[in-house]
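Following: one structure in structure tokens, then a few remarks.
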Amino acid sequence: MSSSSSSSNSSAGKESDSFVLGASAGADKTLLWRRCNAVTVDAKARSLLNRLRQVGRDLFLPVGYPDSVAEGYLEYQFYDSLQGLCTYLRGVVSTSAVLVAAGVGDAEATAMSAAMTWAIRDGFGMIGGLFFSYKASPHFDAHVKEFRLLADVFNDIGLTLDLALPILLTLTAPSWISVLPSPYLLLTSLSTLCKVFCGICAGATKGNITDHFAISGNRADVNAKENTQETLVSLMGMIMGVGLAKWLHCLEKKDDTSALGDKLMTDTQYISWTIFMILTVIHIWANYVGIQRLQLRTLNGARAKVLLQQLIENCSDWVMRDITDDDDAARRRTIERCEKMIKNPRQINESLWSSLLEMLWKGDIHLGIRLRDVAKITANRSPIYGGDGVKRLGNNKWSSSAWQLYLNDEFGHENFVIFIDEKTILVLMKVGAGDVDELKAFIHAHILHRCIERGTDASHRILLRRSHKITECLFEKGKIGIDLHSILSHAGWDMSRLYLGFSPWRCEWTNKDD
């Protein structure tokens, strides 16, 4: 077969190459193959769309997404962006109310009075923020989800106070309010204080949430992409906010204030409140759902109780069972069941409100109590180990030998000591106690507390010894025991840092004769 080249065909106005692939002698036709360099319109559109999609991915998502971040990242960011957009729009609605209450548009209002009011308001917020940080900072790491939720609750209260300013200032103030600063200064200071609390809570928890999602050592990248997402949300909120503000301003011009009468609000204010409340409901819903999508891998008190609830119940059954302490078979079966009860972080979802209540109220288990507080409590009520475990000194006070007996008999090789005061469990940590010791003391205290809750005729001494024995089996791998700390780590929990609710107090002592 012979071959020859042919000139390009330009009738279609496109660059092309044509080839005549030879034909056999005497053939009437030749086969023409044409290669076109032109790209169709559909192909160009697809190429542009793919390019824009890649730019958006590189701009707003961490490098290597989704493998470079923890599960649930996109869902959380979606709800977080939605609640941020609602906050921005509500800020537009409430800011106009603050300016009206401050006297914008009022010929009698002076710039100096407004500046002084705003300076005092900001100073009040700073002082309140310092006090709030002092009281709340020990709890931020342990209650990330709770404080993230509280941040927006504080913000909701502050924005609501801002929007209500014009209405509240028109009401007749009670007589006792005369001893306080001006109502406007008082209300705006409270609003500022709430916003400062919001900023502290949100800022303190942001780092932990970033660490949770940055599973590939890409903390800086995850943080940077969150900032770009917030910028996009702010731009969207700005555009929508300008339109909303113009619309409300047009409605305000149509209001007939002379016909207001006994009504507290104009028609425009009713519309503003309706929009504000709808956005607030969406904001609260999006914030709660987004936080629930956070499956944190760190263990705090609330998550640990949900995770170990079945284990604690199972161990308390063994403690209260009427068997001898040497029944290794029953203990082994109990430990084997406990090992199968461990769940991964995606299967645990603690109650945020219960966790908040536990943070404010310690309940019957006090973790990391000070030695002097233990001494006060045990001065009159704690038993000395005797035959049945309830013998007391004649003067109802512990001697030095009694303390040595208690501390060395049961807890001599541990880095913690547990005391029982009726239904209250007191846990004292020794100097040198680490995360494993805290986890062990946490489980031991809850097993003991569960036994006392269920009620038993056994003495506290027997409950203490048996609960200690089953707890040791959870942390000493061997014929009967397991290594619970390693099992939790293999299940996906971050055991390098525990936030179980222990105070920083640590104690040490030496044995002396009376």
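Note that the structure is a prediction, hence the values are computed from the model and not measured. The residues of the chain are indexed from 1 along the displayed sequence.
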- Could you tell me whether the side chain of V69 reaches within less than 4.5 Å of the side chain of Q77, counting heavy atoms only? no

- Task: Check whether any side-chain N or O of R303 sits under 3.5 Å from a backbone N or O of E350 as a donor-acceptor pair, and report yes or no.
- Result: no

- State whether the side chain of E339 and the backbone N or O of E336 hold a donor-acceptor pair below 3.5 Å, judged by distance alone. no

- Mark yes or no for whether N218, through its side chain, and P62, through its backbone, hold a donor-acceptor pair below 3.5 Å. no

- Task: Would you please test E476 and K469 for salt bridge (charged side-chain N to carboxylate O under 4.0 Å, His left out) and show each step?
- Result: CA-CA 11 Å; E476 296 179 1; K469 194 166 188 176; over 6 Å; no

- Are T188 and R121 close enough that a side-chain donor and a side-chain acceptor fall under 3.5 Å? no

- salt bridge (charged side-chain N to carboxylate O under 4.0 Å, His left out) filter on E75, not counting sequence neighbours, yields R293

- Query: Between L463 and C451, which heavy-atom pair has the shortest distance, and what is it?
  - Reply: CD2-CB, 4.2 Å

- Item | Expected output: side-chain R466 to main-chain V319 donor-acceptor under 3.5 Å | yes

- Note on the structure: Here the gap from L279 atom CG to L244 atom CG, rounded to the nearest 0.5 Å, amounts to 8.0 Å

- Do H468 and F411 touch side chain to side chain, with heavy atoms closer than 4.5 Å? yes

- Selection residues 194-210 - residue pairs positive for salt bridge (charged side-chain N to carboxylate O under 4.0 Å, His left out), sequence neighbours left out: D162-K195

- Hey, what do you get for NE2 (H485) to CD1 (I487), rounding to the nearest 0.5 Å? 11.5 Å

- Residue list, side-chain hydrogen bond (donor to acceptor under 3.5 Å, both in side chains) with S354, at least two apart or on another chain: S351

- Item | L150 and L356: CA distance, side-chain angles, deciding distance, side chain to side chain contact (heavy atoms under 4.5 Å, CB included) verdict | CA-CA 9 Å; L150 274 180; L356 278 173; 3.7 Å; yes

- Note on the structure: With sequence neighbours left out, the residues meeting ring-ring contact (aromatic ring centres under 6.0 Å, His included) with F197 are F132, F154

- Item | Contacts of type side-chain contact (heavy atoms from CB on, under 4.5 Å), residue S133, not counting sequence neighbours | I200

- Query: So among T274, I275, T280, which one has a side-chain contact (heavy atoms from CB on, under 4.5 Å) with I278?
  - Reply: T274

- Rounded to the nearest 0.5 Å, what separation is found between the OG1 atom of T87 and the CG atom of L82? 9.5 Å

- Please check if atom CD in E453 has more than 12 non-hydrogen atoms from other residues, nucleotides or ligands closer than 6.0 Å. yes

- Query: Should the ring pair Y73 and F213 be called parallel, tilted or perpendicular, given that the plane angle runs from 0 to 90° and is split at 30 and 60?
  - Reply: perpendicular

- Task: Look up atom CZ in R297 and atom CG in N344, then write down how far apart they are to the nearest 0.5 Å.
- Result: 11.5 Å

- Query: Quick check: does any side chain N or O of T228 sit under 3.5 Å from a backbone N or O of K225, one acting as donor and the other as acceptor?
  - Reply: yes

- Query: With distance as the sole test, does T298 use its side chain to make a donor-acceptor pair with the main-chain N or O of D494 at under 3.5 Å?
  - Reply: no

- Quick one: which residue pairs count as a side chain to side chain donor-acceptor pair (under 3.5 Å) with a foot in residues 146-160, not counting sequence neighbours? D80-R148, R90-D156, E146-S355, R148-D152, D152-H283, D152-N287, D156-H283

- Task: If the plane angle is over 60° it's perpendicular, under 30° parallel, otherwise tilted; pick one for F276 and W273.
- Result: perpendicular

- Would you say the side chain of L130 lies within less than 4.5 Å of the side chain of M126, judging by non-hydrogen atoms? no

- Query: Is it true that a side-chain atom of K440 and a backbone atom of F475 form a donor plus acceptor pair closer than 3.5 Å?
  - Reply: no

- Can you find a heavy atom in the side chain of L484 that is under 4.5 Å from one in the side chain of I342? yes

- Under 4.0 Å between a Lys/Arg side-chain N and an Asp/Glu carboxylate O for R454 and D317? yes

- Query: Taking C-beta and beyond as the side chain, do L193 and F131 meet within less than 4.5 Å on heavy atoms?
  - Reply: no

- Note on the structure: Looking only at heavy atoms, the pair that brings Q229 and F60 closest together is NE2-O, 2.7 Å

- Note on the structure: Nearest heavy-atom contact between S191 and L161 is N-CD1, 3.9 Å

- d(L296 CG, N208 CG) to nearest 0.5 Å is 8.0 Å

- Message: So which atom in N314 and which in C338 form the shortest heavy-atom distance, rounded to 0.1 Å?
- Response: ND2-SG, 3.6 Å

- Kindly indicate, with the supporting measurements, whether the criterion salt bridge (charged side-chain N to carboxylate O under 4.0 Å, His left out) is fulfilled by E313 and R337. CA-CA 11 Å; E313 192 71 25; R337 286 195 298 269; over 6 Å; no

- Task: Apply side chain to side chain contact (heavy atoms under 4.5 Å, CB included) to F124 and V196, showing your working.
- Result: CA-CA 10 Å; F124 183 75; V196 169; over 6 Å; no

- Message: Just by distance, no angles: are the side chains of E414 and H444 close enough, under 3.5 Å, to form a donor-acceptor pair?
- Response: no

- Student check: side-chain heavy atoms of C315 and T471 closer than 4.5 Å: no

- Main-chain N/O of L307 paired to Q310 side chain as donor or acceptor, under 3.5 Å: no

- Message: Would H366 and D373 count as a side chain to side chain contact (heavy atoms under 4.5 Å, CB included) here? Give the steps.
- Response: CA-CA 11 Å; H366 298 248; D373 295 331; over 6 Å; no

- Can you name the nearest heavy-atom pair linking I209 to Y76, along with the distance? CD1-OH, 3.5 Å

- Message: Tell me if a side-chain donor or acceptor on D122 pairs with a main-chain N or O of A119 at a distance below 3.5 Å.
- Response: no

- Query: Can you name the nearest heavy-atom pair linking I215 to S68, along with the distance?
  - Reply: CG1-O, 3.5 Å

- Query: Are there more than 12 heavy atoms of other residues, nucleotides or ligands under 6.0 Å from atom CE of M341?
  - Reply: yes

- Item | Within 6.0 angstrom of R346 CZ, more than 12 heavy atoms from elsewhere | no

- Message: Given 3.5 Å as the limit, does a donor-acceptor pair link the side chain of H446 with the main chain of F442, or not?
- Response: yes

- Query: Under 30°, 30 to 60°, or over 60°: which ring-plane class applies to H139 and H143, parallel, tilted or perpendicular?
  - Reply: tilted

- Message: L474 vs D483, test: side chain to side chain contact (heavy atoms under 4.5 Å, CB included). Steps then yes/no.
- Response: CA-CA 6 Å; L474 296 173; D483 187 357; over 6 Å; no

- Is any side-chain heavy atom of Y288 closer than 4.5 Å to a side-chain heavy atom of Y79? no

- Task: State the OG-CD1 distance between S467 and I420, to the nearest 0.5 angstrom.
- Result: 7.0 Å

- Task: Decide if atom CD of Q347 counts as having more than 12 heavy atoms of other residues, nucleotides or ligands within a radius under 6.0 Å.
- Result: yes

